[in-house]
Amino acid sequence: MFLLMALVEILGIDEIANHLRSSAITPEFGDVTAPMVVGQTVLQVRRPRDLVRTILAGPPIGLLGALDRIGPEPFGEPRTYYELCRLFLSRDPDDRRRAKVISQISGNLVGDQIRIVSMLDPVLLHPAFVATVYDVRQVAEIHNALAYVRQHCSGATDEAIRASLGRIKPGGHRSELIKGWAERFDRVPTMLDTRGDLTLRVIDSATALADAGRRFRNCLATKVFETVLGVYLYVEYEPIDPQEPGVIAELRRTNQGYVLEGLHATNNRRVLPHRARLIRDKLAALGVAILAHAPGDRDAIHAAAQMLGEHKLMEADCNGWGDELLPVEEDLEQLLAEAA
């Protein structure tokens, strides 16, 4: 009955009545109105399938199969039947693709799947991906997330995205699509202008993060999502002297720009104070904020910090607090490591 009402809305009741008047399975109607023709047919035709066939004069391929997979219980939303019919009757190429995807979804159909297929961006129309979406409210979330990732990944073309949908495994999650493309980002949300300083290089892609992670033997490769979301920006200090080791600067974005959160040598070792001062000065000249403590005598502040248990103020330059020295044994170990 819901399907019939949908067809009335799409085709018009007069056209449906004309189909029924000429059908062999319907009774003689005589001089009655179109609504009466439809009503009498509904009451007298025993097989709903015959009713659909009669009204549509041979339904589009896949529509009856889709109805079978809905099952005996009606959808909670009658309008869904309208949308199902509209997709299968439409000649629009995108709608034809949607109807094809509905036919390819395995198992029974639920009402939200019809609406989801209707709402999804055509580039996402693949049965493997549609199977990961269960609620129409998720569609807007998917579209927004994909739009954001596409802004920061030049390779996320329509063709490439379509090809990637086929790699979603049964039982997979819709976030796999977004994560997969985020892991290929090559445009950071906000850039740091290094003003021509050849010793500072912004690590501006997922590939560059992975490469720096290998060279510095750290976890930079796991920072892809935080970087593409603009939470962190990583800058590599590349000294002119090839014998001098490089350093990774970790910048955290704020509403006032960037702040230096840490300096890291290879294996996440602490950075020697003289090198840390140089890098901090370079970054500060570019407008990066540097962590600080209360003004005044440094030794007095550090002594108070020691007594108050605020040991971050006593750590080495990793957190950028100033000119703190490495412990002697660690300083020697660092020098030996660099020499090696």
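As the structure is a prediction and not an experimental result, all values here were calculated from the model.
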Go through it in stages, so that I can follow the logic: the residues are Met119 and His143, the test is side-chain contact (heavy atoms from CB on, under 4.5 Å), and I'd like the CA-CA distance, side-chain angles, deciding distance and then a yes or no. CA-CA 10 Å; Met119 296 168 62; His143 286 169; 5.5 Å; no
Thr207 vs Asp211, side-chain contact (heavy atoms from CB on, under 4.5 Å): CA-CA, chis, key distance, verdict: CA-CA 6 Å; Thr207 300; Asp211 173 68; 5.6 Å; no
Does the pair Lys179 and Val149 meet the rule for a side-chain contact (heavy atoms from CB on, under 4.5 Å), with working shown? CA-CA 9 Å; Lys179 290 177 179 177; Val149 170; over 6 Å; no
Cys153/Tyr148 under side-chain contact (heavy atoms from CB on, under 4.5 Å): CA gap, chis, key distance, verdict: CA-CA 9 Å; Cys153 182; Tyr148 180 83; over 6 Å; no
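When the shell of 6.0 Å around NZ of Lys100 is examined, it contains 12 or fewer heavy atoms from other residues, nucleotides or ligands. Within a 6.0 Å radius of CG in Leu308, more than 12 heavy atoms belonging to other residues, nucleotides or ligands are found. Heavy-atom neighbours of Met191 CE from other residues, nucleotides or ligands within 6.0 Å: above the threshold of 12.
Residues Val139 and Tyr134 are members of separate hydrophobic clusters, defined by side-chain heavy-atom contacts under 4.5 angstrom among Ile, Leu, Val, Met, Phe, Trp and Tyr. The cluster map of Ile, Leu, Val, Met, Phe, Trp and Tyr, joined by side-chain heavy atoms under 4.5 Å apart, puts Leu233 and Ile290 in the same cluster. Hydrophobic clustering keeps Leu278 apart from Leu198 (ILVMFWY residues linked when any side-chain heavy atoms are closer than 4.5 Å, directly or through intermediates). In terms of hydrophobic clustering, with Ile, Leu, Val, Met, Phe, Trp and Tyr side chains grouped at heavy-atom distances under 4.5 Å, Phe185 and Val231 are assigned to a common cluster.
Nearest heavy atoms, Pro127 versus Ile105: CB-N, 4.4 Å. Annotation for Gly230 and Arg253: closest pair O-CB, 3.4 Å, computed over non-hydrogen atoms. Scanning all heavy atoms of the two residues, the minimum distance from Val271 to Ala265 falls at CG2-N, 3.8 Å. Shortest non-hydrogen contact noted between Pro189 and Val228 is CG-O, 3.0 Å. Between Phe129 and Ile168 the shortest heavy-atom distance is CD1-CD1, 3.5 Å. Counting all heavy atoms, side chain and backbone alike, Leu260 lies closest to Ala249 at CD1-CB, 4.1 Å.
Side-chain contact between Leu84 and Ile102: present, with at least one pair of heavy atoms (C-beta onward) separated by less than 4.5 Å. For the pair Asp92 and Arg96, the minimum side-chain heavy-atom distance is 4.5 Å or more. Side-chain atoms of Arg187 and Ser154, non-hydrogen and from C-beta on, do get closer than 4.5 Å to each other. For the pair Leu200/Asp197, a side-chain contact is recorded, criterion being any heavy-atom separation below 4.5 Å from C-beta on. Side-chain contact between Ile248 and Val235: absent, with no pair of heavy atoms (C-beta onward) separated by less than 4.5 Å. The closest side-chain heavy-atom distance from Leu124 to Leu177 is below 4.5 Å. A heavy-atom distance below 4.5 Å is not found between the side chains of Val224 and Thr227. Using a 4.5 Å heavy-atom threshold, the side chains of Leu146 and Ile161 count as touching.
Taken to the nearest 0.5 Å, the OH atom of Tyr232 stands 4.0 Å off from the CD atom of Glu261. To the nearest 0.5 angstrom, Ser175 atom OG is 9.5 Å from Glu141 atom CD. Taken from CG in Leu63 to CG in Asp68, the straight-line distance is 10.0 Å, to the nearest 0.5 Å. The distance from the CG atom of Leu283 to the CG atom of Leu192 is 7.0 Å, given to the nearest 0.5 Å. Note that SG of Cys219 is 10.5 Å distant from CG of Leu209, once rounded to the nearest 0.5 Å. Considering CD of Gln306 and CG of Asp299, their distance stands at 12.5 Å, rounded to 0.5 Å.
Judged by distance alone, the side chain of Glu176 and the main-chain N or O of His173 form a donor-acceptor pair under 3.5 Å. Side-chain N or O atoms of Arg115 include none that pairs as donor or acceptor with a backbone N or O of Val136 at under 3.5 Å. For Arg98 (side chain) and Leu87 (main-chain N/O), no donor-acceptor pair under 3.5 Å exists by modelled atom type. Judged purely by atom type and a 3.5 angstrom limit, Arg69 uses its side chain to pair as donor or acceptor with the backbone of Gly107. Arg217 places no side-chain N or O within donor-acceptor distance of the main-chain N or O of Asn267, the cut-off being under 3.5 Å.
Between Glu9 and Arg79, at least one side-chain N (NZ, or NE/NH1/NH2) sits under 4.0 Å from a carboxylate O, which counts as a salt bridge. Between Arg137 and Asp135, at least one side-chain nitrogen of the basic residue sits less than 4.0 Å from a carboxylate oxygen of the acidic one, meeting the salt-bridge criterion. One finds a salt bridge joining Arg275 and Glu244 here, because a Lys/Arg side-chain nitrogen approaches an Asp/Glu carboxylate oxygen to under 4.0 Å. Taking a cutoff of 4.0 Å between a charged side-chain nitrogen and a carboxylate oxygen, Glu226 and Lys223 qualify as a salt bridge. Using a 4.0 Å cut-off between charged nitrogen and carboxylate oxygen, Glu236 and Arg215 count as a salt-bridge pair.
A side-chain N or O of Asp95 and one of Ser90 form a donor-acceptor pair less than 3.5 Å apart. Side-chain atoms of Tyr234 and Glu250 form a donor-acceptor pair, as typed in the model, at a separation below 3.5 Å. No donor-acceptor contact under 3.5 angstrom links the side chains of Thr199 and Glu238, judged on distance only.
Evaluated for a side-chain contact (heavy atoms from CB on, under 4.5 Å) with His126, the options Leu120, Thr132, Leu165 yield exactly one hit, Leu165.
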